[in-house]
Amino acid sequence: MKKVRVRFAPSPTGPLHIGGVRTALYNYLFAKKHGGDMLLRIEDTDSARFVSGAEAYIVESFKWLGIKIDEGIGANNEGEFGPYRQSERKTIYKKYVEQLLDAGLAYIAFDTPADLEAKRNEIANFQYDASTRSQMKNSLTLSAEEVLQKKGTEPYVVRIKIETGNDIVVNDIIRGEVKINSSVIDDKVLWKSSDQLPTYHLANIVDDHLMEISHVIRGEEWLPSAPLHVLLYQYLGWADQMPKFAHLPLLLKPEGNGKLSKRDGDKLGFPVFPLEWKDPKTADISSGYRESGYFPEAVVNFLALLGWNPGTEQEMFSMDELINSFSLDRVSKSGAKFDYEKGKWFNHNYLQKESNEVLANLFVDELKEKGISIDLSKLATIIGLVKERTSFISDLWEQTSFFFQVPNVYDEKTVRKRWKEETPGLMNELIILLEGIEDFSSQSTEDIIKAWITDKEHNMGAVMNAFRLSVVGAPKGPHMFDIISILGKEETITRVKKAIDTIKV
RNA sequence: GGUCCCUUCGUCUAUCGGUUAGGACGUCUGGUUUUCAUCCAGGAAAGAGGAGUUCGACUCUCCUAGGGACUACCA
């Protein structure tokens with residue numbers, strides 16, 4: 001059996017969006033599952049839409065996500081099938097264009113964009129195909145001399161010549177047999193003289209063949225042109241070596257209609273890109289999963305389950321586990337709406353699995369920016385107390401700020417509910433008690449304070465809620481005694497005193 | 001408009017002719033907790049509609065409806 005070789009072949013027209021990431025991921029999982037190679041090829045045959053920085057962005061995205069490129073752009077060793085940028089393969093394509101032309105399977109067309117536009121206006125549903133090409137300006141309708149003369153002076157394109165009335169069958173791993181009649185396919189442009197470059201269709205087939213791609217795994221948006229690609233393999237004489245196709249279901253917008261696209265940017269309320277992207281022309285910034293605080297493992301895990309499932313009830317998967325379980329026949333056929341809430345849940349789970357030390361390292365910079373310096377091991381202890389209530393590193397500040405800052409305001413609602421006339425007196429008594437405690441560990445303070453409450457027949461809620469309000473400033477946070485053991489005796493007492501002085505009944 | 005693809009809880013999905021149609025996210029209720037959150041337990045929630053095949057259909061076939069993709073000298 002042929003070695004498994006798959007490719008991800010983006011066009012560098014901007015950042016990679018999340019649907020593209022999933023396509024790349026499935027390619028990667030499939031390749032690794034079968035001991036094959038994952039190639040990255042850049043399809044930059046549209047010079048007009050090229051965006052600088054896009055290629056580097058794509059490479060960096062994969063690096064962040066843990067999708068390793070074995071060959072091509074972004075690989076450690078590019079590999080022997082290069083170059084891997086289509087713009088650098090001009091001479092290669094030219095040869096096959098000539099081959100098709102010589103065999104009469106393609107022809108030269110001189111119709112200008114304006115000509116075509118006029119035709120489209122004139123004839124409803126105009127299509128450049130067997131039924132219309134005789135009315136157009138091409139090597140089928142012009143004399144050989146005319147063609148030769150025009151070729152020297154006018155821009156032209158090469159179009160595939162499609163015969164009518166043949167059923168073309170695409171065997172798709174996910175969808176089974178898809179049959180389409182050649183009559184409905186138009187004579188697609190294969191090559192343009194203006195930039196000496198092929199269009200996607202030709203370049204893609206030539207490269208996949210030359211690079212010995214075994215499986216083409218791509219988005220469903222390519223399904224309609226798959227028959228054309230099959231035809232092209234036949235025309236080029238490579239039918240018996242044609243790769244297998246798998247057309248993936250699309251990632252859809254959460255709100256009902258349409259596929260997720262680059263243009264959605266931040267309009268949907270969540271990132272559609274793996275990494276933050278700054279548009280080089282407009283300087284617009286689109287948010288990325290990395291910058292939004294996602295763990296790459298969570299993004300990968302979440303994305304993998306959008307359109308594929310293992311057939312078991314397992315939901316948490318490391319990359320290795322995904323590779324192990326992945327199979328194209330468990331990819332679903334229908335599009336998946338992107339559920340951002342579930343993405344958050346995945347991140348929550350990954351954050352819980354992360355060690356306090358690692359989280360402290362990720363959080364410490366944010367503290368520095370706020371002018372707070374703290375010992376990393378102490379920070380790790382604090383994070384250990386609050387991490388289960390967070391989903392993102394960025395949630396940490398909200399949960400820990402009171403460890404670093406004395407409360408300036410006291411939550412109004414709580415004041416009304418928990419700070420009664422007798423509270424200051426109660427808190428003063430508590431201060432005296434606190435001052436006498438020598439072992440200020442969580443367990444020790446808990447034992448002593450609870451014993452005192454019982455002894456004096458105080459109301460547990462009345463004491464503890466006021467105590468929390470004094471120290472934290474709000475009715476939130478972890479176990480009270482854990483908090484004060486970290487703050488220490490002095491700081492705790494200072495805060496209670498301040499609360500007594502500040503809060504007016 | 002044409003061609004192609006798709007259709008199970010709000011969402012992601014399991015089911016490969018016989019199930020009380022299962023799980024997860026979200027949601028609701030209760031419990032734990034001195035607070036908030038977490039966590040735990042429980043609940044509500046689905047086979048688009050119609051024909052057919054079959055002893056039996058969510059599962060197979062057809063029609064209808066709905067959704068989606070494509071329809072460029074873009075990928």
Could you work out the separation of [N] and [M] based on their [atom1] atoms and round it to a whole Å?
N     : M     : atom1 : answer
B:G26 : B:C12 : C1'   : 11 Å
B:C4  : B:C9  : P     : 27 Å
B:U15 : B:U7  : C1'   : 16 Å
B:C60 : B:C5  : P     : 15 Å
B:U64 : B:U71 : P     : 26 Å
B:C6  : B:C63 : P     : 14 Å
B:A65 : B:G50 : P     : 15 Å
B:U33 : B:C16 : P     : 44 Å

Flag this pair as yes if the NZ/CZ of [X] is under 6.0 angstrom from the six-membered ring centre of [Y] and inside a 45 degree cone about the axis; otherwise no.
X        : Y        : answer
A:Arg330 : A:Phe326 : no
A:Arg159 : A:Tyr128 : yes
A:Lys150 : A:Phe110 : yes

Would you kindly give the [atom1]-to-[atom2] distance between [X] and [N], to the nearest whole Å?
X        : N     : atom1 : atom2 : value
A:Lys420 : B:U34 : NZ    : P     : 19 Å
A:Ile173 : B:C5  : CD1   : C1'   : 17 Å
A:Glu313 : B:U13 : CD    : P     : 16 Å
A:Leu305 : B:C12 : CG    : C1'   : 8 Å
A:Arg41  : B:A75 : CZ    : P     : 12 Å
A:Glu221 : B:C74 : CD    : P     : 17 Å
A:Phe481 : B:U34 : CZ    : P     : 9 Å
A:Trp419 : B:U35 : CH2   : P     : 18 Å

Between [options], which nucleotide gets closest to the side-chain atoms of [X]?
X        : options             : answer
A:Arg330 : B:A14, B:C5, B:C36  : B:A14
A:Lys333 : B:C6, B:C5, B:U34   : B:C6
A:Pro224 : B:U7, B:A69, B:A24  : B:A69
A:Leu223 : B:C4, B:C25, B:C73  : B:C4
A:Arg389 : B:U35, B:A37, B:C73 : B:A37
A:Leu306 : B:G68, B:C12, B:A75 : B:C12
A:Glu43  : B:C5, B:A69, B:A75  : B:A75

Worksheet item: Parallel, tilted or perpendicular: which describes the rings of A:Tyr289 and A:Tyr294, with under 30° parallel and over 60° perpendicular?
Response: perpendicular
Next item on the list: Could you check whether the rings of A:Trp222 and A:His201 sit parallel, tilted or perpendicular, using 30° and 60° as the cut-offs?
Entry: perpendicular
Tell me whether the OP1 or OP2 atom of [N] has a side-chain N or O from [X] closer than 4.0 Å.
X        : N     : answer
A:Arg159 : B:C73 : yes
A:Asn465 : B:U35 : no
A:Arg49  : B:C73 : no

Using both distances under 3.5 Å as the test, list the Watson-Crick or G-U wobble partner of [N], or none.
N     : value
B:A41 : B:U29
B:C4  : B:G68
B:C58 : none
B:U11 : B:A24
B:A46 : none

By the 4.0 Å heavy-atom rule, please label [X] as base, sugar-phosphate, or nothing.
X        : value
A:Lys259 : sugar-phosphate
A:His247 : nothing
A:Pro155 : nothing
A:Trp191 : nothing
A:Ser332 : sugar-phosphate
A:Val189 : sugar-phosphate
A:Asp111 : base
A:Thr45  : sugar-phosphate
A:Lys179 : sugar-phosphate
A:Asp46  : sugar-phosphate
A:Gly219 : nothing
A:Arg218 : nothing

field: Donor on one side chain, acceptor on other, A:Tyr350 and A:Asn301, under 3.5 Å
entry: yes
Distance-only donor-acceptor check, side chains A:Ser261 and A:Lys253, under 3.5 Å = no
Classify the side chain of A:Arg468 and the base of B:U35 as holding, or not holding, a donor-acceptor pair under 3.5 Å.
-> yes
Discussion item. When you measure only distances, ignoring hydrogens and angles, does the side chain of A:Lys188 come within 3.5 Å of the base of B:A72 through a donor and an acceptor?
Written reply: no
Indicate, with yes or no, if the rings of A:Phe338 and A:Phe302 have centres closer together than 6.0 Å. yes
By nearest-heavy-atom nucleotide on RNA chain B, the more 5' of A:Gln352 and A:Met464 is A:Met464
Of A:Ala336 and A:Val184, the one whose closest nucleotide on RNA chain B sits nearer the 5' end is A:Val184
Note to self: Quick one: does any side-chain atom of A:Gln352 pair with a main-chain N or O of A:Thr390 as donor and acceptor, under 3.5 Å?
What the structure shows: yes
